[in-house]
Amino acid sequence: MERPFVFINAAMSADGKISTVKRTQTRISGTEDFDRVDSLRARSDAIMVGIGTVLADDPSLTVKSKNRREERKSAGQGENPLRIVVDSEARTPVDAEVLNKGEGKRIIAVSQRAILENVGQLGEKADVLVCGMEEVDLKKLLYLVWQRGVRSVMVEGGATLNWSLISQKLVDMIYTYMGNMIVGGKTAPTLVDGEGFVKDAEMVKLELLGVEKLDEGVLLKWSV
């Protein structure tokens, strides 16, 4: 089944945490890394997040640079990439930033157990795609967006979505910015949570493609 090129971009602390134990948004990177992330967004066809990220951080997932938005328009694209929320139960608030801020198309991917009333409300703000019975079928979702012309998907979290994509071998590249702080907390989310691999043979191996100092931290680029 065909799918777009998928890459994860995330910032984490030196101890691998992407937020606190309260799952509140934590500023880990600085201005240089923010600009790098904005550039990645501008070059992507779509940006994908999980419902946990929407509820915790309420991101808009828009391209911040006016020049980059203008460049996209000049190339015949929308100001912002297609924004995709993986939301099995249709819990995305109708007033969420991702549905209301900035021009562009949106997709809410739900399962068949999604609440119909919520699906109807979300359908006024975005295209609602039903993919899967109990959980969103990510392979099917990626195939459906491929059919819509999406060739690159930037994944911006969270830890559960990262696990689902990686464990199903649906990720091609990972950018991890490691900041100069310790967050701690055994229940604080890491870059990848989920069930976790048990056997060495199951574990996904990475190839280090590059290391770069940015702000007060370091950017690691991995091929999966």
Side-chain angles (χ1 to χ4, degrees), residues 3-4 6-12 16-26 28 37 40-41 44-62 80-101 104-115 118-119 122 125-145 150 152-177 187-196 204 224:
R3 65 168 177 85
V6 176
F7 67 96
I8 291 172
N9 182 81
M12 62 183 184
K17 308 296 185 181
I18 60 174
S19 69
T20 67
V21 291
K22 293 185 177 181
R23 296 182 180 267
T24 53
Q25 190 172 25
T26 306
I28 294 174
V37 173
L40 284 177
R41 283 182 182 172
S44 299
D45 293 330
I47 303 172
M48 180 186 292
V49 294
I51 180 59
T53 297
V54 171
L55 296 176
D57 300 342
D58 195 20
S60 66
L61 306 177
T62 53
N80 298 294
L82 170 68
R83 285 167 277 178
I84 305 168
V85 180
V86 178
D87 181 8
S88 295
E89 299 178 22
R91 293 187 293 147
T92 302
V94 292
D95 61 350
E97 290 273 89
V98 70
L99 295 180
N100 295 281
K101 187 173 182 179
K105 298 179 180 179
R106 288 94 164 167
I107 287 176
I108 307 292
V110 303
S111 70
Q112 291 186 22
R113 67 187 177 99
I115 301 171
N118 293 353
V119 169
L122 292 172
K125 300 271 189 175
D127 289 343
V128 178
L129 298 183
V130 180
C131 309
M133 298 287 289
E134 295 294 318
E135 303 291 338
V136 171
D137 183 333
L138 293 171
K139 290 181 181 179
K140 182 178 180 180
L141 172 60
L142 289 171
Y143 175 67
L144 290 176
V145 298
V150 172
S152 61
V153 175
M154 178 179 182
V155 180
E156 293 201 48
T160 301
L161 178 59
N162 289 346
W163 161 257
S164 297
L165 288 164
I166 290 172
S167 63
Q168 294 179 55
K169 296 181 171 55
L170 298 175
V171 178
D172 302 291
M173 189 171 290
I174 301 175
Y175 295 88
T176 51
Y177 177 84
T187 60
T190 63
L191 177 67
V192 181
D193 286 343
E195 298 174 10
V204 173
V224 180

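Numbers here are sequence positions counted from 1. Note that the structure is a prediction, hence the values are computed from the model and not measured.
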As an exercise, state the distance from [atom1] of [X] to [atom2] of [Y], rounded to the nearest 0.5 Å.
X	Y	atom1	atom2	answer
Asp87	Thr53	CG	OG1	11.5 Å
Arg106	Ile84	CZ	CD1	13.0 Å
Met154	Arg83	CE	CZ	13.5 Å

Exercise. Under the side-chain contact (heavy atoms from CB on, under 4.5 Å) criterion, do Met12 and Tyr177 qualify, and how do the steps go?
Worked result: CA-CA 6 Å; Met12 62 183 184; Tyr177 177 84; over 6 Å; no
Contact check, side chains of [X] and [Y], non-hydrogen atoms, under 4.5 Å:
X	Y	value
Leu40	Tyr175	yes
Val98	Thr62	no
Asn80	Leu61	no
Gln168	Leu138	yes
Val153	Ser44	no
Val85	Ile107	no
Thr176	Ile174	yes
Asn162	Leu191	yes

For this session: Verify side-chain contact (heavy atoms from CB on, under 4.5 Å) between Leu99 and Ile108, making sure each step is shown before the conclusion.
Result: CA-CA 10 Å; Leu99 295 180; Ile108 307 292; 3.9 Å; yes
If you take all heavy atoms of [X] and [Y], which pair is closest and at what distance?
X	Y	answer
Val145	Pro4	CG2-CG, 4.0 Å
Ser19	Thr26	CA-OG1, 3.7 Å
Val6	Val155	CG1-CG2, 3.7 Å
Ile18	Ala11	CG2-O, 3.5 Å

Problem set entry | Arg3/Asp172 salt bridge by N-O under 4.0 Å criterion | yes
Donor-acceptor check, side chain of [X] to backbone of [Y], threshold 3.5 angstrom: yes or no?
X	Y	value
Asp137	Lys139	yes
Ser60	Glu97	no
Asn118	Arg91	no
Arg113	Glu134	yes
Ser88	Val110	no
Thr190	Val192	yes
Ser167	Trp163	yes
Thr20	Lys22	yes
Asn9	Glu156	no

For this session: Check step by step if side-chain contact (heavy atoms from CB on, under 4.5 Å) holds for Val204 and Val171.
Result: CA-CA 10 Å; Val204 173; Val171 178; over 6 Å; no
Which atom pairs, one a donor and one an acceptor, fall under 3.5 Å between side chains of residues 125-132 and the rest of the protein, sequence neighbours left out?
residue	atom	partner	partner atom	Å
Lys125	NZ	Asn100	OD1	2.5
Asp127	OD2	Arg148	NH1	3.0

For this session: Determine whether the side chains of Thr160 and Asp193 contain a donor N or O and an acceptor N or O closer than 3.5 Å.
Result: no
For this session: Would you check, one step at a time, whether the test side-chain contact (heavy atoms from CB on, under 4.5 Å) holds for Met48 with Leu142?
Result: CA-CA 10 Å; Met48 180 186 292; Leu142 289 171; 3.9 Å; yes
